[in-house]
Participant: 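Here you go, one structure.
Values below: every heavy atom of this structure, side chains too, minus hydrogens, waters and symmetry copies. All of these numbers come straight from a predicted model, not from anything done at the bench. Quick note on labels: first sequence line is chain A, next is B, and so on, each numbered from 1.
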Amino acid sequence: MNTVSGSTLVGGGPIHVLATVEERAIMTDGTAPVRVRFAPSPTGFLHIGGVRTALFNWLFARHHGGQFILRLEDTDEKRFVAGAANDIVASLRWVGLNWDEGHDVGGPHAPYIQSQRHELGIYQAHVEYLLKTGWAYKSFVTPEAIEEMKTAAMARGVKSFRFRGPERDWSLEQMAAEEAKGTPYTVRLKVPTDGVTEFHDLVRGGEEISIENDTLYDIVLLKSSGMPVYHLAHLVDDHLMEMTHIIRGEEWVPSTPYHIILYHAFGWRLPIFAHVPNILRQDGRGKLSKRKDDVATNRFWERGYLPEALRNYLALQGWSYDDRTEMMTLDELIERFTIDRVQASPARWNPDKLLDMNGKYIRMLAPDELAARLLPFLSRAELIGDPPTADERAYVRQLVPLVHERLKELSEAPDLLVCFLREIEPPAADLLIQKKMDADGTRAALEAAAARLEAVEPWDRAILEETLRVLAEALGLKTGQLFGTIRVAATGSKVSPPLDETLEVLGRARALQRIRAATAVL
RNA sequence: GCCCCCAUAGUCUAGCGGCCUAGGACGUCACCCUUUCAAGGUGAAGAUCGCGGGUUCGAAUCCCGCUGGGGGUACCA
């Protein structure tokens with residue numbers, strides 16, 4: 001029996017082809033610690049769908065009082081992107097997830113980065129075992145040759161080509177001889193050619209998912225570079241790291257049979273599988289893609305989304321609690337999240353819903369908190385300093401009530417508040433002139449308003465409103481007409497927070513100066 | 001092509017044989033509130049539960065077929 005990194009390589013226990021119903025129950029009844037993982041590949045920014053899968057794993061672990069592990073699967077040398085790991089970590093933390101074990105926090109099963117585990121020889125040792133037991137073989141056929149075999153087979157009328165290496169029946173000696181010649185090779189799994197492979201899925205419930213082995217092929221386990229492929233590496237690590245449940249995207253369902261066969265080959269007990277539904281694009285045509293959709297998690301912050309809103313929305317992509325509860329705190333999600341309520345059918349990305357939820361979360365924020373979250377956006381728009389001065393902070397805090405229930409994205413704040421933080425150009429005459437009014441009437445109204453506002457005491461929104469209402473009546477104007485004109489004059493825009501509050505926060509001097517400047521335009 | 005999975009309004013979903021004249025949310029529309037925009041309130045439209053067969057006294061709920069959608073089909077994960 002080989003021992004690798006302190007873990008038993010191959011157990012001598014019984015082969016569990018399927019975890020029994022009883023075992024599945026035991027593994028989630030709290031008597032056995034639940035251990036799940038999120039294992040992203042550092043090939044770019046973290047996809048929003050990845051966050052959803054991570055969230056489900058995390059909620060599952062927390063719900064059952066188990067452990068959540070982060071593992072980096074960087075066995076693809078070609079697609080590796082420097083810095084991606086940092087982005088993934090930052091994105092996960094941003095939405096509020098933490099992990100009990102991982103490359104950055106350590107843990108009893110370190111290392112948690114596959115390239116490092118590869119260097120330790122972990123995968124190679126496991127492959128040796130498969131080779132020795134006849135579950136794998138070295139294949140010297142080149143990719144080009146396989147391609148030729150495929151076209152030839154198709155030409156012969158074979159409906160689907162399943163590659164099985166001619167070396168399947170070679171002896172270890174034959175393989176060694178070929179290897180000695182220096183011929184490059186891959187190691188492939190010797191997949192049974194008959195019978196069926198079946199497994200149970202927590203999300204799909206009901207019957208076992210069953211696949212005819214003759215529709216499978218001999219997958220590569222070790223690339224010619226010696227680097228393991230996902231199918232081998234993730235499985236060895238999941239076993240060594242003692243995962244009890246594998247919660248992953250449904251795109252893995254088709255390759256699960258290979259994994260079952262591998263577990264069988266190693267004589268390991270199966271973990272429990274739960275394939276969570278994909279998130280489809282808005283139009284339903286395919287799953288969200290990095291190329292076509294705005295799915296970079298790290299972009300949601302700058303787009304003005306609150307992590308709690310994104311997290312809540314994501315929790316509802318493929319999972320629901322009941323027929324009406326949608327807004328849930330982290331603790332509520334943990335308490336309520338169970339796999340049996342995860343949907344088997346794909347969800348669809350719905351930006352409108354996310355936006356609505358974000359608005360709701362913004363409205364739930366305490367004013368001080370919203371002010372704090374708004375500062376970076378205002379700084380980025382260069383409306384305040386970076387970092388902001390104490391005066392700027394205080395002023396922004398004053399502005400919060402004006403936009404609090406009007407924001408759906410924090411990123412909208414600069415546009416809404418620019419007129420308070422910057423001087424404005426005098427507005428165009430046609431903007432100032434309200435319905436059923438003309439230039440003369442508008443000028444007269446603004447002049448009268450300026451006169452009244454000059455004298456108002458104190459400069460308080462209730463007084464301001466009352467003053468202007470009285471004025472409107474005196475001028476024979478509708479409140480909407482007078483307020484509209486002053487609004488444009490004071491803010492440069494037809495849309496603004498309520499005029500009384502706007503004037504109050506603007507201050508008498510600036511308000512009057514702007515109204516007078518506008519009057520001059522007419 | 002082959003294999004696998006899925007199927008309730010435009011979208012997300014509740015429903016797990018009778019509580020359903022199918023509930024909630026987003027979106028849409030109308031009205032109310034109102035100084036604009038939001039927010040909030042009220043209400044409406046929108047689903048013959050994809051289609052066709054069964055099982056059953058009874059089916060959105062169970063079974064089969066079809067259709068449709070999605071996923072997979074790499075020395076990527």
Participant: Please measure how far the P atom in B:rA9 lies from the corresponding atom in B:rG69, and state the result in whole Å.
Facilitator: 15 Å

Participant: With a cut-off of less than 4.0 Å, is there a side-chain N or O of A:Arg324 near OP1 or OP2 of B:rG23?
Facilitator: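 Indeed not, no polar side-chain atom of A:Arg324 lies that close.
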
Participant: Can you tell me, in whole Å, how much space there is between the C1' of B:rA77 and that of B:rU11?
Facilitator: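 30 Å, rounded to whole Å.
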
Participant: Heavy atoms only, 4.0 Å cut-off, all strands: where does A:Arg406 land among base, sugar-phosphate and nothing?
Facilitator: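 Base: the residue A:Arg406, judged by heavy atoms under 4.0 Å, touches a nucleobase.
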
Participant: When you measure from the side chain of A:Glu326, which nucleotide among B:rU13, B:rC4, B:rA25 comes out closest?
Facilitator: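 Nearest listed nucleotide: B:rA25.
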
Participant: Given that both distances must come in under 3.5 Å, which nucleotide forms a Watson-Crick or G-U wobble pair with B:rU36?
Facilitator: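 Pair assignment: B:rU36 / none.
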
Participant: Kindly say whether A:Leu365 contributes a backbone atom to a donor-acceptor pair with the side chain of A:His404 at under 3.5 angstrom?
Facilitator: yes

Participant: Does A:Lys435 reach a base, just sugar-phosphate, or nothing at all? Heavy atoms under 4.0 Å.
Facilitator: nothing

Participant: Can you sort out the partners of A:Asp294 under salt bridge (Lys or Arg N to Asp or Glu O under 4.0 Å), two or more places apart, ordered by chain and number?
Facilitator: A:Arg299, A:Arg303

Participant: Okay, side chain of A:Arg37, backbone of A:Ile69: is any donor-acceptor separation there less than 3.5 Å?
Facilitator: no

Participant: List in numerical order all residues of residues 289-297 of chain A for which some heavy atom is under 4.0 Å away from an atom belonging to RNA chain B.
Facilitator: none

Participant: To the nearest Å, how far apart are A:Glu465 CD and B:rU34 C1'?
Facilitator: 10 Å

Participant: How would you label the contact of A:Gly318 with the nucleic acid (heavy atoms, under 4.0 Å): base, sugar-phosphate, or nothing?
Facilitator: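 It contacts sugar-phosphate atoms only.
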
Participant: Under 4.0 Å, counting only non-hydrogen atoms across every strand here, what does A:Leu499 touch: a base, just sugar-phosphate, or nothing?
Facilitator: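 The residue A:Leu499 makes base contact.
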
Participant: In whole angstroms, how far is the P atom of B:rC26 from the CD atom of A:Gln282?
Facilitator: 17 Å

Participant: Classify every nucleotide of nucleotides 66-77 of chain B by which part a protein heavy atom approaches to under 4.0 Å, writing B for the base, S for the sugar-phosphate alone and - for neither, in 5'-to-3' order.
Facilitator: ----SBS-SBBB

Participant: For A:Ser210, answer base if it contacts any base atom (sugar-phosphate contacts may also be present), sugar-phosphate if it contacts only those atoms, and nothing otherwise; contact means non-hydrogen atoms under 4.0 Å.
Facilitator: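 Sugar-phosphate contact only - A:Ser210 comes under 4.0 Å of backbone atoms but never of a base.
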
Participant: Considering only residues two or more places apart or on different chains, which pairs with a residue in residues 312-323 of chain A satisfy side chain to side chain donor-acceptor pair (under 3.5 Å)?
Facilitator: A:Asn312-A:Tyr361, A:Tyr313-A:Gln317, A:Asp322-A:Thr325

Participant: Considering Watson-Crick and G-U wobble pairs with both distances under 3.5 Å, what does B:rG50 pair with?
Facilitator: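 For B:rG50, the partner nucleotide comes out as B:rC66, under the 3.5 Å rule.
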
Participant: Taking B:rC19 as the reference, what is the distance to B:rG27 when you measure between their C1' atoms (whole Å, please)?
Facilitator: 30 Å

Participant: Taking only the C1' atom of each, what is the distance from B:rU55 to B:rA47 in whole angstrom?
Facilitator: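 The answer is 25 Å between these two C1' atoms.
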
Participant: Could you tell me the separation between the NZ atom of A:Lys494 and the P atom of B:rA38, rounded to a whole number of Å?
Facilitator: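 Rounding to the nearest Å, NZ of A:Lys494 and P of B:rA38 are 13 Å apart.
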
Participant: If only side-chain N and O atoms count, and only distance matters, is there a donor-acceptor pair under 3.5 Å linking A:Thr197 with A:His264?
Facilitator: no

Participant: Once you round it to whole Å, what is the distance between C1' of B:rU28 and CG of A:Asp356?
Facilitator: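 Rounded to the whole Å, the gap is 14 Å.
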
Participant: Go through the side-chain N and O atoms of A:Thr183 and A:Glu178 and say whether any donor and acceptor fall under 3.5 Å apart.
Facilitator: yes

Participant: Where do A:Tyr112 and A:Trp99 land on the ring-ring contact (aromatic ring centres under 6.0 Å, His included) test, with the steps shown first?
Facilitator: CA-CA 12 Å; A:Tyr112 292 89; A:Trp99 36 99; over 10 Å; no

Participant: Would you mind classifying the nucleic acid contact of A:Asp201 as base, sugar-phosphate or nothing, using non-hydrogen atoms under 4.0 angstrom?
Facilitator: nothing

Participant: Tell me which nucleotide, if any, is Watson-Crick or G-U wobble paired with B:rC26 when both distances must be under 3.5 Å.
Facilitator: B:rG10

Participant: Which part of the nucleic acid, if any, lies within reach of A:Arg281 when heavy atoms closer than 4.0 Å are counted: base, sugar-phosphate only, or nothing?
Facilitator: nothing

Participant: Please work out if A:Gln343 contacts a base, only the sugar-phosphate, or nothing of the nucleic acid, heavy-atom cut-off 4.0 Å.
Facilitator: sugar-phosphate

Participant: If we call it a pair only when both distances are under 3.5 Å in a Watson-Crick or G-U wobble match, what pairs with B:rC31?
Facilitator: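 Pairing partner, where one exists within any strand: B:rG41.
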
Participant: From CG of A:Asp415 over to P of B:rA38, roughly how many Å is that when rounded to an integer?
Facilitator: 15 Å

Participant: Would you say the side-chain atoms of A:Arg508 pair up with the backbone N or O of A:Val456, donor to acceptor, closer than 3.5 Å?
Facilitator: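 Yes, the answer is positive, given that a donor and an acceptor are paired below the 3.5 Å cut-off.
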
Participant: Determine all donor-acceptor pairs shorter than 3.5 Å in which one atom belongs to a side chain in residues 185-192 of chain A; sequence neighbours excluded.
Facilitator:
unit_1	atom_1	unit_2	atom_2	d
A:Tyr185	OH	A:Glu179	OE2	3.1
A:Arg188	NH1	A:Asp218	O	2.6
A:Lys190	NZ	A:Gly134	O	3.4
A:Lys190	NZ	A:Arg168	O	2.8

Participant: Distance between the P atoms of B:rG23 and B:rC64, in whole angstroms?
Facilitator: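 It comes out at 30 Å once rounded to the nearest Å.
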
Participant: Quick one: label A:Pro257 by what it contacts on the DNA or RNA (base, sugar-phosphate, nothing), any heavy atom closer than 4.0 Å.
Facilitator: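 Touches nothing.
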
Participant: What's the NZ-P distance between A:Lys353 and B:rU28, to the nearest Å?
Facilitator: 13 Å

Participant: Name the closest nucleotide to the A:Ile209 side chain, picking from B:rC5, B:rA39, B:rU13.
Facilitator: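 Of the options given, the side chain of A:Ile209 lies nearest B:rC5.
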
Participant: Measure CD/A:Glu501 against P/B:rC37 and give the value in whole Å, please.
Facilitator: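 Whole-Å distance recorded here is 16 Å.
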
Participant: Side-chain N or O of A:Gln317 less than 4.0 angstrom from OP1 or OP2 on B:rU11?
Facilitator: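 Negative; the distance criterion is not met.
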
Participant: Figure out the CG/P separation between A:Leu314 and B:rC12, and round it to whole Å.
Facilitator: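 Value for this atom pair: 15 Å.
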
Participant: Could you work out the separation of B:rU34 and B:rG24 based on their P atoms and round it to a whole Å?
Facilitator: 29 Å

Participant: Given B:rA39, is OP1 or OP2 found less than 4.0 Å from the side-chain N or O atoms of A:Lys408?
Facilitator: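 Yes, A:Lys408 has a side-chain N/O under 4.0 Å of OP1/OP2 on B:rA39.
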
Participant: Looking at B:rG1, which nucleotide sits across from it as a Watson-Crick or G-U wobble partner, both distances under 3.5 angstrom, or is there none?
Facilitator: B:rU73

Participant: Taking A:Asn358 for its side chain and A:Gly304 for its backbone only, find out whether a donor-acceptor pair lies under 3.5 Å.
Facilitator: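 Here the side-chain-to-backbone pair exists.
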
Participant: Let me know, please, whether A:Lys360 or A:Lys159 comes out on the 5' side of the other along RNA chain B by nearest nucleotide.
Facilitator: A:Lys159

Participant: Kindly point out which of B:rU35, B:rC5, B:rC3 is positioned nearest to the side chain of A:Thr215?
Facilitator: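 Selected nucleotide: B:rC3.
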
Participant: For B:rU61 versus B:rA22, give the span between their P atoms, rounded off to a whole number of Å.
Facilitator: 14 Å

Participant: For A:Leu280, does its backbone N or O pair with a side-chain atom of A:Asn278 as donor and acceptor, under 3.5 Å?
Facilitator: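 No: the side chain of A:Asn278 does not pair with the backbone of A:Leu280.
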
Participant: Counting distance only, does the side-chain N/O of A:Arg461 pair as donor-acceptor with the main-chain N or O of A:Glu501 below 3.5 Å?
Facilitator: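 Flag not set: sc A:Arg461 to bb A:Glu501 has no pair under 3.5 Å.
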
Participant: With rounding to whole Å, what would you report as the distance between B:rU48 and B:rC6 at their C1' atoms?
Facilitator: 22 Å

Participant: Can you give each donor-acceptor pair under 3.5 Å made by side-chain atoms of residues 78-89 of chain A, sequence neighbours left out, with the distance rounded to 0.1 Å?
Facilitator:
unit_1	atom_1	unit_2	atom_2	d
A:Arg79	NE	A:Asp76	OD2	3.0
A:Asp87	OD1	A:Asn298	ND2	2.6
A:Asp87	OD2	A:Leu46	N	3.0

